[in-house]
Amino acid sequence: MVKAADRAKNPARSSVWLESRAARSGGGPTGLDRARIVGTSIKMLDDEGLAKLSMRKLATELNVTAMSLYWYVDTKDDIIEYAVDTCYGEVDLGAVDAAGDWRERIRVLAQDYRQMLVRHPWMSPCAGQYLNIGPHAIAVGTKIQEAIRDTGLPISRQPSAMSAVFQFVYGYGTIEGQFGRVAQQAGMSQDAFYNDSIKAFREDEQFMGALDGMTEILDERASHGSVDEIWDRDFDYALDVLIAGIEVMVERSRTEQASDA
């Protein structure tokens with residue numbers, strides 16, 4: 001496991017996945033194992049967020065002593081790394097393989113990744129804090145690389161295409177998940193929260209002039225039903241735009257190669 005001091009001293013090489021993952025032998029409480037610890041931590045993270053997770057609260061939820069957890073993990077960071085990778089396991093790689101060409105595989109990967117970020121809003125802040133090199137994360141990354149490779153883009157352009165699609169998905173899923181959490185914390189549905197907040201600033205005199213150029217698009221969005229429908233509609237179309245952009249760039253690369261021949 002990774003000691004807290006080691007993480008602080010050498011964060012670029014500190015990960016639970018780079019250390020021995022075997023639990024200590026003997027002494028652990030009956031009925032407790034790493035899978036149960038991680039599953040419970042994910043539920044707590046979903047309910048309360050990263051800031052509220054502690055070894056003490058997790059132990060209370062599991063009905064064990066805090067010291068019992070240290071038979072399986074050394075720090076809270078270990079637990080978060082395990083939890084992050086477990087969530088990556090929610091991406092349906094079988095559905096990706098069954099999707100067919102690269103366009104459909106990208107769509108399946110993008111939708112599953114987005115939905116995972118929305119289900120687990122605490123995941124987004126973890127992306128830059130941990131190496132994300134667990135087996136599930138690596139498996140998802142491999143499928144992304146395979147789909148982008150099959151576009152026909154030259155190898156030097158493939159990382160850029162991956163960034164264009166999946167940084168978009170990360171940003172979109174992050175905002176969608178955080179919006180849902182804020183609405184939930186306010187005790188409101190997403191629709192009620194959205195409508196109330198839009199109405200509040202549209203009726204505020206200090207914003208009226210600034211919103212003149214936005215009136216048309218605000219009215220258009222309000223005509224498309226629920227917030228969930230708006231999220232889905234905008235995501236699907238934006239993904240189509242990105243895929244179409246990749247197709248254009250593939251054709252451009254072929255033209256450039258032909259002219260150089």
Side-chain angles (χ1 to χ4, degrees), residues 15-17 38-39 42 45-46 50 80-181 190 227-254:
S15 170
V16 72
W17 302 107
V38 173
I42 290 172
L45 287 163
D46 289 346
L50 278 168
I80 293 171
E81 280 200 82
Y82 285 129
V84 165
D85 196 65
T86 298
C87 291
Y88 271 108
E90 296 174 8
V91 176
D92 188 347
L93 301 185
V96 175
D97 291 336
D101 74 1
W102 64 266
R103 298 164 187 81
E104 292 308 310
R105 280 181 280 151
I106 285 176
R107 287 190 175 95
V108 172
L109 282 161
Q111 287 286 7
D112 270 19
Y113 184 29
R114 168 202 168 196
Q115 290 163 9
M116 181 263 285
L117 290 168
V118 172
R119 282 193 299 271
H120 309 295
W122 54 272
M123 278 281 292
S124 296
C126 295
Q129 295 182 36
Y130 301 96
L131 295 183
N132 296 334
I133 55 173
H136 292 303
I138 293 293
V140 171
T142 298
K143 293 301 180 184
I144 290 172
Q145 291 174 15
E146 290 173 352
I148 297 294
R149 178 199 64 200
D150 291 348
T151 63
L153 284 169
I155 187 66
S156 61
R157 300 303 186 191
Q158 290 175 22
S160 300
M162 282 189 281
S163 294
V165 176
F166 290 96
Q167 291 299 325
F168 153 71
V169 177
Y170 170 83
Y172 199 98
T174 296
I175 293 171
E176 184 179 359
Q178 294 302 323
F179 182 86
R181 177 173 287 281
Q190 289 194 55
V227 170
D228 281 339
E229 289 171 330
I230 294 172
W231 285 123
D232 290 343
R233 182 197 67 153
D234 289 353
F235 183 86
D236 290 344
Y237 190 78
L239 195 55
D240 284 345
V241 169
L242 289 167
I243 289 172
I246 291 174
E247 291 173 332
V248 168
M249 299 309 289
V250 169
E251 187 58 36
R252 180 181 295 180
S253 294
R254 289 172 179 160

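Taking a cutoff of 4.0 Å between a charged side-chain nitrogen and a carboxylate oxygen, Asp240 and Arg107 qualify as a salt bridge. In summary, Lys143 and Glu146 engage in a salt bridge, as defined by a charged side-chain N under 4.0 Å from a carboxylate O.
No donor-acceptor distance shorter than 3.5 angstrom exists from the side chain of Arg181 to the backbone of Val118, with no hydrogens or angles considered. Counting only distance, with no hydrogens or angles, the side chain of Tyr113 and the backbone of Tyr170 share no donor-acceptor pair below 3.5 Å. A donor-acceptor pair under 3.5 Å is absent between the side-chain atoms of Gln158 and the main chain of Gln145, judged by distance alone.
Between atom NE2 of residue His120 and atom OH of residue Tyr88 there is a gap of 11.5 Å, rounded to the nearest 0.5 Å. With rounding to the nearest 0.5 angstrom, the CZ atom of Phe179 is 15.0 Å from the OG1 atom of Thr174. One finds the CD1 atom of Ile42 at 13.0 Å from the OH atom of Tyr82 (value rounded to the nearest 0.5 Å). Taken to the nearest 0.5 Å, the CZ atom of Arg119 stands 9.5 Å off from the CG atom of Asp46. Atom SG of Cys126 is separated from atom CG of Asn132 by 8.0 Å, given to the nearest 0.5 angstrom. Atom CG of Leu109 and atom CZ of Phe166 lie 5.0 Å apart (nearest 0.5 Å).
In summary, the side chains of Gln111 and Arg114 do present a donor paired with an acceptor at a separation below 3.5 Å, with no hydrogens or angles considered.
Residues Ala137 and Asp85 come closest through the heavy atom pair N-OD1, 2.8 Å. Closest heavy-atom contact between Ala83 and Leu45: CB-CD1, 4.2 Å. Looking at every heavy atom in both residues, Met123 comes nearest to Cys87 through SD-CB, 3.9 Å. Between Ser253 and Leu153, the shortest heavy-atom contact is OG-CD2, 4.5 Å. Residues Ala147 and Ile106 share a closest heavy-atom pair of CB-CG1, 3.9 Å.
Here Asp150 pairs with Arg105 under the salt bridge (charged side-chain N to carboxylate O under 4.0 Å, His left out) rule; sequence neighbours left out. Listed by chain and number, the residues in a ring pair (Phe, Tyr, Trp, His ring centres under 6.0 Å) with Tyr172 are Phe168, Trp231, Phe235 (sequence neighbours excluded).
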Under the criterion side chain to side chain contact (heavy atoms under 4.5 Å, CB included), I'd like the reasoning laid out for Glu90 against Gln115: C-alpha separation, chi angles, the key distance, then a yes or no. CA-CA 9 Å; Glu90 296 174 8; Gln115 290 163 9; over 6 Å; no
For a side chain to side chain contact (heavy atoms under 4.5 Å, CB included) check, start with the C-alpha distance between Val108 and Asp92, then their side-chain angles and the critical distance, and finish with the verdict. CA-CA 8 Å; Val108 172; Asp92 188 347; 5.7 Å; no
Go through the steps for Leu93 and Asp112 under the test side chain to side chain contact (heavy atoms under 4.5 Å, CB included), then give the verdict. CA-CA 9 Å; Leu93 301 185; Asp112 270 19; over 6 Å; no
Any chance you could lay out the side chain to side chain contact (heavy atoms under 4.5 Å, CB included) test for Ile246 and Val165, step after step, and finish with the verdict? CA-CA 9 Å; Ile246 291 174; Val165 176; 3.9 Å; yes
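Residue Arg157 places its CZ atom among 12 or fewer non-hydrogen atoms of other residues, nucleotides or ligands, all under 6.0 Å distant. For Arg252, the CZ atom counts as loosely surrounded, since its 6.0 Å shell holds 12 or fewer non-hydrogen atoms of other residues, nucleotides or ligands.
Using a 4.5 Å cut-off on side-chain heavy atoms (C-beta onward), Ile80 and Tyr130 make contact.
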